[in-house]
Amino acid sequence: MEINKMKSILTKLDEINYVLLHHYEEIIDYNIPPKQALVLEHLHRHSKLSVNELASEMKVTPGAISQLLAKLEQQQYIVRSINPESCREIIVTLGEKGTNLYQAFEKIDQIIGESEEDLKSEIRPFIEESFGETTDFFVFFVTDNIGLESDIDSLKPKSYKESEVAPLIFITVPRKKSDDDEKILNELIASLKSEDKLKHGSFAMSYIDEKGVILDDEWHKDF
């Protein structure tokens with residue numbers, strides 16, 4: 001029970017870290033400064049906000065937020081309009097470019113999620129046969145430009161096997177590291193490549209004891 005709880009917590013923390021890194025690296029790739037990126041994130045979450053509400057969310061003055069909004073409006077990421085119920089209040093929403101930005105993120109995230117699940121299903125028998133049925137693992141596609149680098153059409157996505165995107169596969173083995181583990185992993189990689197399950201990627205190996213404590217035997221291998 002404790003082992004399963006520990007593995008679940010570690011997995012969730014890694015997933016959270018990955019999602020945050022992945023999301024904000026995507027925004028950075030659009031050359032949007034961090035403060036402007038946060039404005040877009042708040043508008044995406046709330047759909048619409050007044051200038052004062054947005055300033056409160058950002059913990060800045062209405063004057064400071066207005067400067068950020070002017071730049072974003074000029075680039076068509078947001079739209080400012082007068083509140084029809086109160087002519088003194090300005091309402092801010094995502095503009096065409098801002099909406100397209102988040103639609104692209106959602107499509108890419110969907111592609112990544114489907115690719116990760118497909119790959120997990122493909123390699124599960126290989127990992128369980130190589131390291132045992134109690135071995136835990138999860139898959140991340142770590143590129144923040146997956147739609148571009150893999151030439152994936154979001155309307156007609158290709159399989160990860162047809163792309164150049166390399167996954168990162170974390171394997172957690174419930175025992176101490178063995179001298180044979182590198183040989184086992186090399187055989188696993190050879191099997192995956194020979195059966196056209198995976199062209200390239202990275203494995204990150206870690207170990208836990210019977211109490212769920214992480215052991216200092218982590219290592220990784222690229223292929």
Side-chain angles (χ1 to χ4, degrees), residues 9-117 138-158 160 163-168 170 202 204:
I9 291 171
L10 290 173
T11 300
K12 184 56 65 179
L13 286 173
D14 279 317
E15 288 174 350
I16 291 170
N17 287 334
Y18 168 70
V19 169
L20 289 173
L21 177 63
H22 167 71
H23 176 66
Y24 284 104
E25 279 186 346
E26 284 177 335
I27 289 180
I28 290 169
D29 283 339
Y30 279 78
N31 296 316
I32 302 174
K35 287 186 178 179
Q36 293 182 30
L38 284 175
V39 170
L40 297 179
E41 184 67 14
H42 285 302
L43 292 175
H44 175 65
R45 291 178 181 177
H46 296 278
S47 184
K48 65 178 180 179
L49 290 169
S50 69
V51 171
N52 287 337
E53 288 172 336
L54 191 51
S56 178
E57 291 283 346
M58 295 280 293
K59 306 292 188 297
V60 297
T61 65
I65 201 69
S66 293
Q67 294 178 16
L68 294 174
L69 294 177
K71 294 176 182 178
L72 287 168
E73 187 172 41
Q74 186 178 16
Q75 296 174 314
Q76 300 181 337
Y77 281 109
I78 62 103
V79 171
R80 289 185 286 187
S81 58
I82 297 174
N83 186 347
E85 298 178 1
S86 176
C87 61
R88 293 186 176 183
E89 186 174 58
I90 302 297
I91 298 297
V92 187
T93 59
L94 288 176
E96 180 179 359
K97 200 170 179 180
T99 300
N100 291 341
L101 179 70
Y102 277 93
Q103 286 177 346
F105 290 167
E106 289 170 0
K107 289 177 181 177
I108 291 170
D109 286 342
Q110 179 183 358
I111 293 169
I112 290 174
E114 291 173 352
S115 296
E116 288 172 352
E117 288 303 313
F138 50 98
V139 175
F140 287 150
F141 283 94
V142 296
T143 176
D144 46 303
N145 288 317
I146 187 169
L148 297 176
E149 292 186 14
S150 59
D151 193 29
I152 293 176
D153 183 343
S154 60
L155 300 178
K156 298 179 181 179
K158 298 188 294 185
Y160 61 86
S163 75
E164 296 301 318
V165 178
L168 178 56
F170 293 87
S202 299

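Nothing here was measured: the structure is a model prediction, and the numbers come from that model.
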Problem - Ser56 side chain to Asn52 backbone, donor-acceptor under 3.5 Å - result: no
Handout entry: Minimum heavy-atom distance Ile65-Ala55, with the two atoms named
Key = CG2-CB, 4.0 Å
Handout entry: Name of the residue among Ser81, Ser50, Pro84 meeting side-chain contact (heavy atoms from CB on, under 4.5 Å) with Glu89
Key = Ser50
Problem - Closest non-hydrogen atom pair between Pro62 and Val51, with its separation - result: O-CG1, 4.3 Å
Handout entry: Nearest atoms (heavy-atom pairs only) where Leu69 meets Ile78
Key = O-CD1, 3.6 Å
Completion exercise
Output for pair (Ile90 CD1, Leu49 CG), nearest 0.5 Å, gives 13.5 Å
Practice task
Quick one: closest heavy-atom pair of Val139 and Pro167, and the distance?
Solution key: CG1-CB, 4.1 Å
Handout entry: Closest non-hydrogen atom pair between Tyr102 and Leu94, with its separation
Key = CD1-CD1, 4.2 Å
Practice task
Could you go through the side chain to side chain contact (heavy atoms under 4.5 Å, CB included) check for Val60 and Lys35 one step at a time?
Solution key: CA-CA 11 Å; Val60 297; Lys35 287 186 178 179; 5.9 Å; no
Exercise for the section: Output every pair passing salt bridge (charged side-chain N to carboxylate O under 4.0 Å, His left out) with a member in residues 49-73, not counting sequence neighbours, ordered by first then second residue. Expected result: Glu73-Arg80
Fill in the blank from the handout: Value for CD (Gln36) from CD (Gln67), rounded to nearest 0.5 Å, stands at 11.0 Å
Handout entry: Between CD1 on residue Ile91 and CD on residue Glu85, distance to nearest 0.5 Å
Key = 8.5 Å
